[in-house]
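See below for the structure under consideration.
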Amino acid sequence: MEQSNFIRTIIKEDLENGKRDTVVTRFPPEPNGYLHIGHAKSIIINFGLADDFNGQTNLRFDDTNPLKEDQEYVDAIKEDVKWLGYDWEELHYASNYFDEMYNRAVLLIKKGKAYVDDLNQDEIREYRGTLTEPGKESPYRNRSIEENLDLFEKMKNGEYENGQKVLRAKIDMSSPNLNLRDPVIYRISHATHHNTGDTWCIYPMYAFAHPLEDAIEGVTHSLCTTEFEDQRPLYNWVVAECEMENQPQQIEFGRLNITNTVMSKRKLKQLVDEGIVDGWDDPRMPTISGLRRKGYTASAIREFVQETGVSKGSGAVDEMMLEHYVREDLKLSAPRTMGILKPLKVVITNYPEGESEWLEAENNPENEEMGTRQIPFSREIYIEQEDFMENPPKKYFRLFPGNEVRLKHAYFIKCNDVIKDEDGNVVELHCTYDVETKSGTGFTGRKVKGTLHWVDAKSAVSAEFRLYEPLVLDEQMKEEALEDKDFLDYINPNSLEVVQGFIEPNLKDVQPQDKFQFFRHGYFNVDSKYSTPEKPVFNRIVSLKSSFKLNK
RNA sequence: UGGGCUAUAGCCAAGCGGUAAGGCAACGGAUUUUGAUUCCGUCAUUCGCAGGUUCGAUCCCUGCUAGCCCAGCCA
């Protein structure tokens, strides 16, 4: 059952009442950075809606500003869209329409609907007026059509410096909608474009270019975010005055916000440029590539976005919801295994020295098709440091002196002695095991409250685990407003914790992007950048939910 | 304080004049060799507020209030 939302309703009506007989959407990123999960929402809405109505979706690079764009971003964007599971019908570049756009601008001039302005940037701003006061007309506003044509051509021919002249639409300097106060539609920029090279030195502005791109491609429903709502009258003006055959309809939806998540390309780029993160695909980044490297699956992202809905609201979705969908997705597909993040050695004093045995373990008790594996067990093992307390509070089910617990897939052990170093730190535990309690034998003689995961010390494989927290926390960001600080001053110092531990020997050949559940720790992904055959590196995708709270 | 937009549970969100879907979170309880999962149950007599229209209003009208967006030669 597909969810109901206002855009779907509009499209359905357009189809039913004959306003449209097909649906064409487009995903139009500017190649000036990597895609983030907010873009994923746009992708899913555009491709999803077109799919549902047997329409088509194009990928179009909105590359009208050579100063900020780069081929690297074009490539990354294509990869991310594909990885999310979508195939575009046609691939376009706005820059391929520069000739057409130029001609349409000339048409506007000929119709007396556009003029070349000599005002500089500051003057244009002053003449624009304010939110509450109307603007005033530029002294160059009433140049003759011939002069405008001549000047515009000279702009194109490179006879002026950057900023010396612009082409403006002639609309209404007193409009309450600032976008209609003679918006600039072409500026001079002597810059090399990633696609058109040095062919052009004038480039169309978004407000002029975007509606033309949509119209040229026959887009029916041009879906964008709400900050473009005020541009809609201008969008329609451009389509009409440029006499475009197709008339796309712009519809705006609320952008995706997630708690404790930076969702601004500008800020994300800042984090990358200043080296605060390890590139656009740093697992802490909300980029598609970052989420992928962290271990998120495309289907989890799709589920999340779909369940999160489409509306015009501007609220923030709880990050817990994103985490929920990746747990849900990996629950049956990720093998469940044991990893020790912060090891504490345990010697089982009554286990024969030099001996070891193999124990059978299910790979996923909720998915029997995943089969079983054999894991070694012997006299010395590692358990988690936090699974032992010398002086536990009430309701602590794990190990403490005199207490007996179950070792997952193995035996019951009881803690007898605590070995400490000179500083009083617990460095080793001496326990005894009970042969009769072996897993799978159906032993019911007595019960224990806790089950611990463990790894055989002799055969354990060293591994690195990377644990993440949000890069910035909303609570701390609130102070930013009060204290006039940059958001970089609020980077969470605990956003990355690296620990060295152990994994089961049968995990020694893991490959990048392999995903596992380590019992009680959560879901992990083999890092695609730092993991090596000698030393696997695991990124924690998400922890398991836990109702356990240590109250001291 | 000009214009545009939005207000439904702690969060996201259906609902389109006939008496409040769903998901996340939370909280009980059962099962459990992951304090996980699973299961069962609880969670808006009321839809920002105040009026009005109507037999009947979350839905239509009016007026308030709150929040978001707009003064790039960015997109």
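Residue numbering restarts at 1 for every chain, and letters A, B, ... go by the order of the sequence lines. Being a predicted model, the structure only gives us computed values, none of them experimental.
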Nucleotides 6-12 of chain B: which of its N/O atoms have a protein N/O under 3.5 Å away?
residue: B:rC11; atom: O2'; partner: A:Ala316; partner atom: O; Å: 2.8
residue: B:rC12; atom: O2'; partner: A:Thr308; partner atom: O; Å: 2.6

The side chain of [X] is closest to which nucleotide in this list: [options]?
X        : options                : result
A:Thr64  : B:rA36, B:rG35, B:rA75 : B:rA75
A:Asn120 : B:rA26, B:rC73, B:rA36 : B:rC73
A:Asn65  : B:rG23, B:rA75, B:rA36 : B:rA75
A:His324 : B:rC24, B:rC74, B:rG35 : B:rC24

Value in whole Å for how far the [atom2] atom of [N] lies from [atom1] of [X]:
X        : N      : atom1 : atom2 : value
A:Leu256 : B:rA13 : CG    : P     : 10 Å
A:Tyr127 : B:rG72 : OH    : P     : 16 Å
A:Glu328 : B:rA25 : CD    : P     : 10 Å
A:Lys269 : B:rA75 : NZ    : C1'   : 15 Å
A:Met320 : B:rA13 : CE    : P     : 18 Å
A:Tyr73  : B:rA75 : OH    : P     : 16 Å
A:His210 : B:rC74 : NE2   : P     : 17 Å

Between [X] and [Y], how do the two ring planes meet: parallel, tilted or perpendicular, split at 30° and 60°?
X        : Y        : result
A:Trp454 : A:Phe377 : perpendicular
A:Tyr186 : A:Phe152 : perpendicular
A:Phe518 : A:Phe524 : perpendicular

Side-chain ion pair, A:Lys156 and A:Glu153, N-O less than 4.0 Å: no
Note: A:Arg446-A:Asp434 ion pair, threshold 4.0 Å (strictly below): yes
Glycosidic conformation of B:rG15, taking syn as within 90° of 0 and anti otherwise: anti
Base paired to [N] (Watson-Crick or G-U; both N/O distances under 3.5 angstrom):
N      : value
B:rU54 : none
B:rC73 : none
B:rC59 : none
B:rU6  : B:rA66
B:rG28 : B:rC40

Would you mind classifying the nucleic acid contact of [X] as base, sugar-phosphate or nothing, using non-hydrogen atoms under 4.0 angstrom?
X        : answer
A:Leu180 : nothing
A:His409 : base
A:Ile124 : base
A:Tyr396 : base
A:Arg398 : base
A:Glu252 : nothing

First encountered from the 5' end of RNA chain B, between A:Arg187 and A:Lys449: A:Lys449
Whole-angstrom distance between [N] and [M], as gauged at atom [atom1]:
N      : M      : atom1 : result
B:rG67 : B:rU1  : P     : 12 Å
B:rG52 : B:rC24 : C1'   : 38 Å
B:rG10 : B:rA26 : C1'   : 8 Å

Atom pairs, protein N/O to nucleotides 69-71 of chain B N/O, distance under 3.5 Å:
residue: B:rA71; atom: O3'; partner: A:Arg128; partner atom: NH2; Å: 3.4
residue: B:rA71; atom: O2'; partner: A:Arg128; partner atom: NE; Å: 3.0

Stacking check A:Phe397 vs B:rG35 (5.5 Å / 30 deg): yes
A:Tyr206 ring over B:rA75 six-membered base ring, under 5.5 Å and 30°: no
Face-on cation placement of A:Lys267 at A:Phe487 ring, 6.0 Å and 45° thresholds: yes
Check: A:Glu217/A:Tyr97 side-chain N/O donor and acceptor closer than 3.5 Å: yes
